[in-house]
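In what follows, a single structure is set out as structure tokens and then discussed.
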Number of protein chains: 4
Amino acid sequence: MYKGIVTPMITPMGQNGEIDYRATEILIDNLADFGVDGLFPMGSTGLFPMFSTDEKKKFLGFVRDHSKKIEVYAGVGSSSTQESVELSKYTEDIGIKVRVLMPTYYIKPDEDWMYRHFSTVISAASNDLFIYNIPQLSGSWISESLIEKLTREFSNVKGIKDSSGDMRFFSRIIRHKNEKFDIFQGQDDLLFLSLSIGASGGVCGLSNISPYITNLYHEFSAGNLEKARKIQIDEVNPLMYAINEATFPAGYYYAFYKMNGIKGGYRAPMVEPTTDQKKKIDQELTKIPKKQ
Amino acid sequence: MYKGIVTPMITPMGQNGEIDYRATEILIDNLADFGVDGLFPMGSTGLFPMFSTDEKKKFLGFVRDHSKKIEVYAGVGSSSTQESVELSKYTEDIGIKVRVLMPTYYIKPDEDWMYRHFSTVISAASNDLFIYNIPQLSGSWISESLIEKLTREFSNVKGIKDSSGDMRFFSRIIRHKNEKFDIFQGQDDLLFLSLSIGASGGVCGLSNISPYITNLYHEFSAGNLEKARKIQIDEVNPLMYAINEATFPAGYYYAFYKMNGIKGGYRAPMVEPTTDQKKKIDQELTKIPKKQ
Amino acid sequence: MYKGIVTPMITPMGQNGEIDYRATEILIDNLADFGVDGLFPMGSTGLFPMFSTDEKKKFLGFVRDHSKKIEVYAGVGSSSTQESVELSKYTEDIGIKVRVLMPTYYIKPDEDWMYRHFSTVISAASNDLFIYNIPQLSGSWISESLIEKLTREFSNVKGIKDSSGDMRFFSRIIRHKNEKFDIFQGQDDLLFLSLSIGASGGVCGLSNISPYITNLYHEFSAGNLEKARKIQIDEVNPLMYAINEATFPAGYYYAFYKMNGIKGGYRAPMVEPTTDQKKKIDQELTKIPKKQ
Amino acid sequence: MYKGIVTPMITPMGQNGEIDYRATEILIDNLADFGVDGLFPMGSTGLFPMFSTDEKKKFLGFVRDHSKKIEVYAGVGSSSTQESVELSKYTEDIGIKVRVLMPTYYIKPDEDWMYRHFSTVISAASNDLFIYNIPQLSGSWISESLIEKLTREFSNVKGIKDSSGDMRFFSRIIRHKNEKFDIFQGQDDLLFLSLSIGASGGVCGLSNISPYITNLYHEFSAGNLEKARKIQIDEVNPLMYAINEATFPAGYYYAFYKMNGIKGGYRAPMVEPTTDQKKKIDQELTKIPKKQ
């Protein structure tokens, strides 16, 4: 069973745009302090499409080596099935237990293309795999029928992360949750709602920079629903609205660098948030209790 | 000045999904017979996102070597600015005169990100560059203001290929056409209309498999507008509607293999057209006059 | 304070398409049995755009007269501000306490147009008014800033019904809930989630034909969250998916006629559900416990 | 055969929002001077949804009586099939030769609903009818199959006005043009293109305020294609871009009042263009040659 809070990790960069491994250690330390249950390197927030296959492998390996025993959910997404196969085999080779895969993108796949992509990559390695539905970026929806087919045919398909933001869709797929298939919410502002309707957990970008998400999850798990609801409405959402004033995911990078006093960078084509955007983010960051 | 018909080349594959260079020669021979004015390898119809950087370089080099003196418009698009820079330098190194670049995709760029991507890649090499607007696949529009800024700042930005399918947008950007900046239509069913309003030419997928497109262009250029209009409505459009019954661009690959008796392949995640789809395509292919 | 379950009433019709007042009494009797807290005649489910101003007035008056003391939320929506003003004055004249108004539609209003429409209609009568956000039908969103402006300027603006289906938007507007402004969910499959995040109640079409909605609300209000969640997932949603197989709102009309043995009609342009659609609806209707 | 330029008339209003019949005569005089071939009262530009059935009838009758022998294309659109039937019968009673009808709107019709709406209204009167495709306002597309079915079954269905702005769709439906069925373009900036591909004419809003549209049509009809193209790019489009800075159709009303020195009005919910918007419109109006 997979559950709890998984962090779709940013990929910290130096001012030259190269991956900053020292800052990555600081990030993982923070995440351990926040009490997250999973590290998800090379996801959308991690800007995986901007990195070469070798850079992806090196970062996945580094996170596995410095995971402080937190489960690693390795991003193996790509617009090339072959690259996803290569990354999948690599994650198995280095002992990562679970992979995360979205449909190919740019060229819009139909349901047969999607099935061919998923079945090829799933069977390229024996470790577990999470399906990743993020139509606003990939350009295509993962249907209920495809979820049913993949879970029927592959025992190592263990769950889905839905980042569509559509709770009507989430209310449909929640019926597929069972002891072998978990359902995670990928949008921070829908975490409380998703837990309320039965989600296994959340894959939430704000957990890169604040304990709000894990606090919400822990209050909810302890049955303090009103507390959890308040954290969602009064802490998580305002921080998310401020962060997303900047073009995704630049706000997350700025907030991380600022919270940890790091002179970080923004690899092209990403552009640093504007001064106004930074001000709005700073206003919310000041409300986050400092690390003891 | 760039003008005429440029073929967004398919990337022929063997049944193992690997690039079939023998079939690529057959394709180029056909294009020379059809009288195209340009070869555009590694564009969307060429499925560039499915290939590794090395495969892209090798294919670009091969087309340059076998171009039969037809201008090569090298696709250097990627979701990674760094890969586009690397490909750009390579095209310059091997003497290709013009590159084609769309915005990064998956992570949605704003206008500042787009400017950073284009300016970085444009200035990475001195050969010419065509901007490529294809919002339905890249997920973002190239605005008139960005076109104006890039053409103002970079003398080697020589034109735009618009595949949006929106003639209201095309009617706006046509005003930017001058002796240093050409406007190409990227949708086959809008070629006649675009030439009528002043386009420099077309980048049309059907030119991979039939002379209809070059016939249309030559009739139009000769002033035979009614003939050109009839080719558009009675030959080009029906073939396009049939080909696009299959999920883009699988229909183009099937038609090429069928027209040339090649046992071609479909690299994952692409799936071969269904039997019904093949029948509809075959009906239209039979109308294409055989090579003399 | 407005709260609980409000039924967006169908407008029962005879086989000639004329309003069937006898069947309307049967409907209201059912709703009283189900324990709804409000009757909302001439909303979207009530097909208000298909009726003349006189027909609307007559139906509003009839429902007021036969409301069995259930609060009447009178639909006064129109593509004409003048008609909404006329209907508003009429509702006040006949003692209806609260009106419901969406933006004008077909011609897309901007925020100034919307403000002019709402302010004109709100101030045309002194009874209360609910704002109605239903972008998928009206074609325009009601923004948070417009909600704030209207509630600031008009003391009789008492709440909003959001039918957008977007829980990210609902999570934003829930912050505007206070003792003078209530927030209702307009989509049946989001009722449990909306109550969980703090909604005042729901305006749910299925309450026309089944007690599921009021059961869910009563269990939730009694603190039996798991029971309420199960009613949502296992009873409300499957019924909604079946009903919405037919083009909205024909499924609701068929189900009502079938549940009550009425030979009802479908005024043009509405068309009766197909045989297949009826079968799927019937399967779900059989699960609804019969009236004692 | 129907052809040429038809004006989708604005409905001039006094400052109290009531229809200004004196200004309507001035409008029709202008249109006769511009040499339009048809008057289309109570279309989208005429804001038909804002008027009562009686107001519509009165305006249609007035235009018929003051048409200066120009063909009247009477708008009979509504969200209520019954109102369209009533208006249709009225147009026949007062001797209007052709009606214009779009699908019902707000409640989204499927193809069966649309067929029921069109067949009911078409057969309610024997005069001709034009189908009106305007998905961006009505919310639904008229498919090629529905066009084929209606033209097959009703001899008085004589043409279609397509305002979708999609030339790929226009290129498909142009194949249905024959001596009994005409195809009109409803977007001013696509008139030249549509005439080039074979359209019968245009239903163009700018013909309310300038001779550009009729000039373009007359040059095209005379075979002066380059002149016609230049009028489109250098005169029609810039005027359209300026007018549409204001929320449709307020810019047309402002331009008409300004060109004719009329103290006109804007019935709620319409709002007058802003000062900035007026400036941009004025800049273009100054370029329109004054009436001799």
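Residue numbering restarts at 1 for every chain, and letters A, B, ... go by the order of the sequence lines. Computation of the quantities below employed the complete heavy-atom set of this structure, encompassing side-chain atoms and omitting hydrogens, waters and symmetry-equivalent molecules.
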Do you know which of [options] has the most heavy-atom pairs with chain B at a distance under 4.5 angstrom?
| options | result |
| --- | --- |
| A:S52, A:S119, A:P49, A:S78 | A:P49 |
| A:P109, A:S79, A:S80, A:A250 | A:S79 |
| A:S44, A:S84, A:G139 | A:S44 |
| A:A268, A:S138, A:G17, A:P249 | A:A268 |

Is it the side chain or the backbone of [X] that comes within 4.5 Å of chain B heavy atoms, both, or neither?
| X | value |
| --- | --- |
| A:P103 | neither |
| A:M114 | neither |
| A:T104 | side chain |

Does A:K158 have any salt bridge (Lys or Arg N to Asp or Glu O under 4.0 Å) partners at least two apart in sequence or in another chain, and if so, which?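 Residues passing salt bridge (Lys or Arg N to Asp or Glu O under 4.0 Å) with A:K158: none at all.
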
A:Y257 ring centre to A:K263 NZ or CZ under 6.0 Å, with the angle to the axis within 45°?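 No cation-pi geometry.
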
When you compare the side chains of [X] and [Y], does any donor N or O come within less than 3.5 Å of an acceptor on the partner?
| X | Y | result |
| --- | --- | --- |
| A:D128 | A:N156 | no |
| A:E83 | A:T53 | yes |
| A:N133 | A:D162 | yes |

Chain A heavy atoms under 4.5 Å from B:Y266: which part of the residue, side chain, backbone, both or neither?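 Both backbone and side chain.
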
With a 4.5 angstrom heavy-atom cut-off, which part of B:Q82 approaches chain A: side chain, backbone, both or neither?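 Contact with chain A: side chain only.
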
Whether B:K56 and B:E86 form a salt bridge (side-chain N of Lys/Arg under 4.0 Å from carboxylate O of Asp/Glu) is what I want to check.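 Salt bridge between B:E86 and B:K56, a charged N being under 4.0 Å from a carboxylate O: no.
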
Using side chain to side chain contact (heavy atoms under 4.5 Å, CB included) as the criterion, list what pairs up with A:S145, not counting sequence neighbours.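 With neighbours one apart ignored, the set is A:E111, A:S143.
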
Tell me which of these, B:Y106, B:F118, B:F48, has more heavy-atom pairs under 4.5 Å with chain A than the rest.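 Heavy-atom pairs under 4.5 Å are most numerous for B:Y106.
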
